[in-house]
2 protein chains.
Amino acid sequence: MEKIFQEAVNDAQVIAPFQSHGHDHGQCVVEAIAAAESRCEKDGSSFTPLRRKVLELVWSSHGPVGAYEVLEKLRSSRRNAAPPTVYRALEFLMEHGLIHRIESLNAYVGCGDPARRHGGQFLICRDCQSVAELDDRAIDRAVTRRADALGFDVEQQTVEIIGQCADCSARGDNDGE
Amino acid sequence: MEKIFQEAVNDAQVIAPFQSHGHDHGQCVVEAIAAAESRCEKDGSSFTPLRRKVLELVWSSHGPVGAYEVLEKLRSSRRNAAPPTVYRALEFLMEHGLIHRIESLNAYVGCGDPARRHGGQFLICRDCQSVAELDDRAIDRAVTRRADALGFDVEQQTVEIIGQCADCSARGDNDGE
DNA sequence: TTCTATATGTTATAATATATCATATTTTAA
DNA sequence: TTAAAATATGATATATTATAACATATAGAA
Ligand SMILES: [Zn+2]
Ligand SMILES: [Zn+2]
Ligand SMILES: [Zn+2]
Ligand SMILES: [Zn+2]
């Protein structure tokens with residue numbers, strides 16, 4: 001069991017696995033900010049203090065965060081922040097692949113690997129709200145095959161899978177068992 | 001090319017293909033209503049005139065329709081219709097598998113086969129807004145495999161693929177070629 | 001028939017997102 | 001080096017999507 005998990009986690013197609021409860025999340029944020037700086041430098045775009053702060057707030061957990069949740073937190077450092085303040089920053093972060101939008105939740109989640117271009121494939125735990133990010137070629141291939149057969153040209157994938165993660169399943173949260 | 005399309009269209013995993021521009025859409029609506037009646041009878045739930053009307057309005061095209069678009073149209077027959085009128089009907093139709101919600105568009109689309117239980121997989125044309133509904137086992141299998149490897153228990157899939165359909169591609173709409 | 005569950009009416013408001021114009025800051029280039 | 005242009009943020013207003021709460025009506029069951 002453990003072995004299977006480990007294989008899956010080490011697979012490059014798993015961009016960001018579910019994180020253990022006790023992991024060093026400060027380090028996650030540090031790495032995300034570093035990756036963002038690097039990415040913006042490459043793109044020749046300016047990673048301003050506001051954008052950095054908003055990215056940090058999105059990374060406050062591995063779960064999806066709503067725009068107004070970001071706004072509320074942002075206001076402790078920027079008293080006059082308004083919805084456009086946040087939405088513009090989120091738009092920038094999306095354009096540069098630093099965050100993804102979870103359509104089914106109207107929320108945003110930090111990207112686990114902004115260096116690599118990819119569409120969005122997510123496993124979302126209904127209990128702990130954690131998100132695992134995938135770039136699964138088998139899923140992509142299955143989608144592309146079917147689309148090709150119908151003469152459909154794929155431009156953007158939204159794959160959002162709701163369910164229960166291993167930890168919550170083990171802990172016996174809610175239904176499920 | 002035609003042959004490939006035809007195979008794909010006849011495949012049971014394509015619940016509803018893209019429709020030709022000149023097809024008899026009145027017939028689509030008639031069939032959808034008949035299927036809905038049958039389904040509700042099986043479920044022992046009441047397919048009221050309001051719910052029927054809302055379903056017809058969702059079926060006004062093969063594209064996604066917003067709740068407030070439905071509301072506006074509904075008002076020509078029900079002067080006093082309000083948002084809850086529509087949302088409650090949409091909720092009912094969803095619960096009975098008569099429509100699906102397209103999360104990435106905050107919109108709804110009629111289900112091409114309410115008799116069969118299935119999750120949502122959609123190809124959505126960015127030009128003509130038409131939607132093809134899939135129940136593709138290869139996509140489902142790829143998702144399930146990866147989820148299993150991560151110990152994740154899948155409960156609900158949201159697969160929404162944006163792109164350009166064959167017709168629009170042939171007509172040379174916008175970019176794409 | 002009375003009770004009970006279901007369905008709809010009605011009003012208000014919550015939650016999410018964008019438009020618009022003003023101001024500040026940075027970059028470009030004459 | 002300074003004016004013009006592009007970019008970024010401030011500020012206000014409003015659009016869009018969705019739900020809460022309570023009242024009334026209707027349909028089945030007891
Ligand atoms: Zn972390
Ligand atoms: Zn990513
Ligand atoms: Zn039709
Ligand atoms: Zn369907």
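Each chain gets a letter, A, B and so on, in the order its sequence line appears, and its residues count up from 1.
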Closer to the 5' end of DNA chain C via nearest nucleotide, is it A82(B) or L50(B)? L50(B)
If the threshold is 4.0 Å, N to carboxylate O, is there a salt bridge linking R137(B) and D140(B)? no
In terms of side-chain heavy atoms of R88(A), which of dT9(D), dA17(C), dT11(C) is nearest? dT9(D)
Can you figure out which of dA17(C), dT10(C), dT17(D) approaches the side chain of P83(A) most closely? dA17(C)
Please determine if a side-chain N or O atom of S46(A) lies less than 4.0 Å away from the OP1 or OP2 oxygen of dA8(D). yes
For dT8(C), take OP1 and OP2 only and decide whether either is under 4.0 Å from a side-chain N or O of R78(B). no
Looking at R39(B) and E37(B), does any basic side-chain N land under 4.0 Å from a carboxylate oxygen? no
Checking contacts here: which listed nucleotide (dG10(D), dA17(C), dA18(D)) is nearest the side-chain heavy atoms of Y108(B)? dA18(D)
Quickly, which of Q129(A), Q19(A), H23(A) forms a side chain to side chain donor-acceptor pair (under 3.5 Å) with H62(A)? Name it, please. H23(A)
Spacing between E72(A) atom CD and dA14(C) atom P, to the nearest angstrom: 14 Å
Do the ring centers of H100(B) and Y108(B) come within less than 6.0 Å of each other? no
Under-4.0 Å side-chain N/O to phosphate OP1/OP2 contact, N106(B) with dT16(D): no
Side chain of Y68(B): nearest nucleotide among dT9(D), dT10(C), dA18(D)? dA18(D)
I want to verify a distance call: between dA20(D), dA11(D), dA17(C), whose nearest atom is closest to the P84(B) side chain? dA20(D)
Y87(B) side chain, from C-beta outward: closest of dT19(D), dA7(C), dT11(C): dT19(D)
Just how far, in rounded Å, is C1' of dA8(D) from CG of N80(A)? 14 Å
Interatomic distance, R52(A) CZ vs dT9(D) C1' [rounded to whole Å]: 17 Å
Has R51(A) got a side-chain N or O lying under 4.0 Å from the OP1 or OP2 atom of dT9(D)? yes
Mind calculating the distance between CZ (R79(B)) and C1' (dT8(C)) to the nearest angstrom? 17 Å
Rounded to whole angstrom units, what separation is found between the CG atom of L105(A) and the C1' atom of dA17(C)? 17 Å
Can you tell me how far C1' of dT9(D) sits from CZ of R75(A), to the nearest Å? 15 Å
Using whole Å, report how far CD of E69(A) lies from P of dA14(C). 18 Å
As a test of reading the structure: which of dT8(C), dT11(C), dA18(D) is closest to the side chain of T48(B), going by heavy atoms? dT8(C)
Roughly, in whole Å, what's the span from CG in L90(B) to C1' in dT19(D)? 13 Å
Using the benzene-type ring in the case of Trp, are the ring centres of F47(A) and F92(A) under 6.0 Å apart? no
